[in-house]
Amino acid sequence: MNQRVEVAAPVVAAGSDDARGRPIKIVNRDVNVWYGDKRALHDVSIDIPDRAVTAFIGPSGCGKSTFLRCMNRMNDTIPSARVTGTIEIDGQDIHDRSLDVVQLRARVGMVFQKPNPFAKSIYENVAYGPRIHGLARSKAELDAIVEQSLKRAALWDEAKDRLSQPGTGLSGGQQQRLCIARAIAVDPEVILMDEPASALDPIATARIEDLIDELRQNYTIVIVTHNMQQAARVSQRTAFFHLGKLVEEASTERMFTAPRDKRTQDYITGRFG
Amino acid sequence: MAGSALRADVISETRAPGLDAGQIRGRRLREKLFIACGLASTLVGLIALSFLLFDLAADGLPRLSWDFFTSFPSRRASAAGILSAWVGSVLVILVTAIIGVPLGVAAGIYLEEYARRNWMTNIIEINVSNLAAVPSIVYGLLALGLFVYGLGTGRSILTAGLTLALLILPIIIVATRESIRAVPYSIREAAYGIGATKGQVTRDHVLPAAIPGVLTGIIIGLSRALGETAPLITIGALTFIAFLPDPPITSEFPFISFRWLFDGFTVLPIQAFNWISRPGSDFHANAAAAGLVLLALTLSLNALAIVLRYRLRRRLQW
Ligand SMILES: Nc1ncnc2c1ncn2[C@@H]1O[C@H](COP(=O)(O)OP(=O)(O)O)[C@@H](O)[C@H]1O
Ligand SMILES: [Mg+2]
């Protein structure tokens, strides 16, 4: 299942849609990140298309996660991190003083590398977000949000009979889908995923990938992966990072068939990474 | 390749050139000797403790009876009991907990989650750790000046509670901070990631996960307070007391009274100390019995801490 695509073989991205002509959801201009004195990201400028999957690939430590976390200002929670540059979502600067970071993170959800459900029931895991944002006016409404989110995360059938059991009791793949449901529940526009399948077995990985392909109908998705077959399978656009710089960005199809930069070529043919 | 080269290095290190069979045998012997010494010192502690317990039980057990718990101290050893002492202990610990626990937990949360890291918080941090090592008599001297003479709270249950609250504050602060620090960062990230505020992250996720450790710290602090004698003698606890504090519940409106806070008091360890300092083995038996009660209380508090920690930990898994 994991071997649908050979590493170096030319690939056609999921569907034939390459997200060309889609409106732009997120505009990044000259984004730099420092951790203390250490510069982790150099002048990254990239447009993220609306309702499509954009994949970030590159060797580990090249700044993929760092950049991903800029887009929901998650780096704010790290005291040593400093971010410069402009990031606009639907034309609105996310560093604008009038913008509430809590509101931003409800609009730009995040799924992490290691599944991290709360030590609460499955129901509470999904209901927590809507509750703190006041999205449901009644228990019935909250129930409906939980059900719909779990359905969208393809977990409802497995979870509907055990909603009151702890989320930590699920399998790794189910936990990750629970985390996706938790992100969906606050009705975001963008979902950032940081290597969401790297801790999962091939079957669970395939389910997550199918899910991502479905979710792009409704959400703008940015996924970090160090697995190039995965990038090829799920994304319409791909960006290659190297040593804190954005080296190349193109439709996934072109990226894997005709990379322009030597470094991209070397990386996707497995010469380093 | 690099790995095997490294291993070869390690091997040649352990079999250093010039170390003959005799020296290796000597090294093994030293190791065995060390283990034997460690075992012996452990046994010394264990034997001393069981001897102490046995001695205490032999003297005190015969005196333990219902009357012993319901009688005031008396000039006749056989009629004397610990009523005023255990009531005093319970009330003092109650006040200690009501004042010390919220203050300690709040300070711990503030220092760990909110305070900026700068020279001020560094100084506070060092001070908190040092406070835990200050001899308890010093707290007594401080309380005598601050509460008894300064605030005029008298030689009362309130003063005792305040003093012991100060004494256990560093214990609770340190325990709170350590349990908060042990909460995995991924839990906070998850909550921040769906737009929780810092307050919500702390209240809904960090604190519930830290609760087992915080509770353990609280109980260990309180059981330490339960056995304290020196600071309470300093602030003027009574040694012979044949009345109970004012009852907290009254028959008239508003049915609740706080006058007991300002009453004189004694506590179990002071009562025991008072009896042991009298001549005559009758009173010494009383002291042993009071010691047994105190020991049982402290041990059950510690057992409660272990059970709570175990059960709450099992409920929280990541
Ligand atoms: N919290 C942090 N503090 C300091 N340096 C960090 C931190 N997070 C990441 N870095 C550094 O920033 C660089 C980029 O890291 P990261 O974005 O995690 O890379 P990737 O996700 O591509 O593997 C690395 O050199 C890493 O060591
Ligand atoms: Mg990463």
Side-chain angles (χ1 to χ4, degrees), chain A residues 65 68-69 71-80 100-121 124-135 149 166-170 175 178-188 191-194 199, chain B residues 2 108-122 124-125 176-216 308-318:
Chain A
S65 301
L68 194 72
R69 296 162 56 93
M71 288 184 277
N72 64 346
R73 286 181 53 189
M74 205 61 176
N75 288 325
D76 289 14
T77 62
I78 299 171
S80 71
D100 181 18
V101 68
V102 161
Q103 234 39 56
L104 172 71
R105 292 195 191 127
R107 279 174 67 197
V108 184
M110 189 154 201
V111 176
F112 299 85
Q113 183 166 357
K114 192 171 157 264
N116 56 356
F118 300 135
K120 299 175 189 287
S121 70
E124 280 304 318
N125 261 281
V126 184
Y128 181 73
R131 198 174 276 144
I132 61 173
H133 291 292
L135 298 183
S149 307
T168 43
L170 297 169
Q175 283 187 21
L178 179 61
C179 293
I180 294 174
R182 180 176 67 187
I184 291 174
V186 291
D187 198 23
I191 304 177
L192 309 174
M193 300 186 174
D194 194 347
Chain B
I109 293 171
Y110 173 77
L111 284 174
E112 196 57 37
E113 290 285 306
Y114 289 92
R116 292 246 171 88
R117 296 275 168 270
N118 56 26
W119 62 270
M120 255 270 284
T121 40
N122 279 342
I124 293 177
E125 206 156 301
T176 303
R177 296 191 60 179
E178 272 168 10
S179 356
I180 287 179
R181 212 173 303 153
V183 176
Y185 190 69
S186 63
I187 295 288
R188 295 164 210 253
E189 264 187 334
Y192 281 127
I194 50 171
T197 61
K198 187 159 181 94
Q200 286 164 341
V201 173
T202 307
R203 187 194 64 206
D204 299 338
H205 303 285
V206 175
L207 280 188
I211 279 286
V214 175
L215 273 181
T216 311
L308 274 178
R309 186 167 40 184
Y310 180 72
R311 302 198 59 166
L312 290 171
R313 282 262 162 85
R314 220 177 26 176
R315 229 183 47 200
L316 288 165
Q317 281 161 352
W318 292 288

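Chain A is the first sequence line, chain B the second, and so forth, proteins listed ahead of strands; every chain is numbered from 1.
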Decide whether B:Tyr185 and A:Thr77 meet the rule of one side-chain donor and one side-chain acceptor closer than 3.5 Å. yes

Going by side-chain hydrogen bond (donor to acceptor under 3.5 Å, both in side chains), name the residues that satisfy it together with A:Asp76, two or more places apart in sequence or in a different chain. A:Arg73

Would B:Glu113 and B:Arg203 pass as an ion pair if we require N to O under 4.0 Å? no

A:Val108 versus chain B, the contacting section by heavy-atom distance below 4.5 Å: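 Backbone only.
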
Quick one: which of A:Met74, A:Arg69, A:Gln113 has the most heavy-atom pairs under 4.5 Å with chain B, could you say? A:Met74

With a 4.5 Å cut-off on heavy-atom pairs, point out which of B:Glu189, B:Gln200, B:Arg116 contacts chain A the most.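 Most heavy-atom pairs under 4.5 Å with chain A: B:Glu189.
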
Any side-chain heavy atom of B:Pro212 within less than 4.5 Å of one from B:Ser179? no

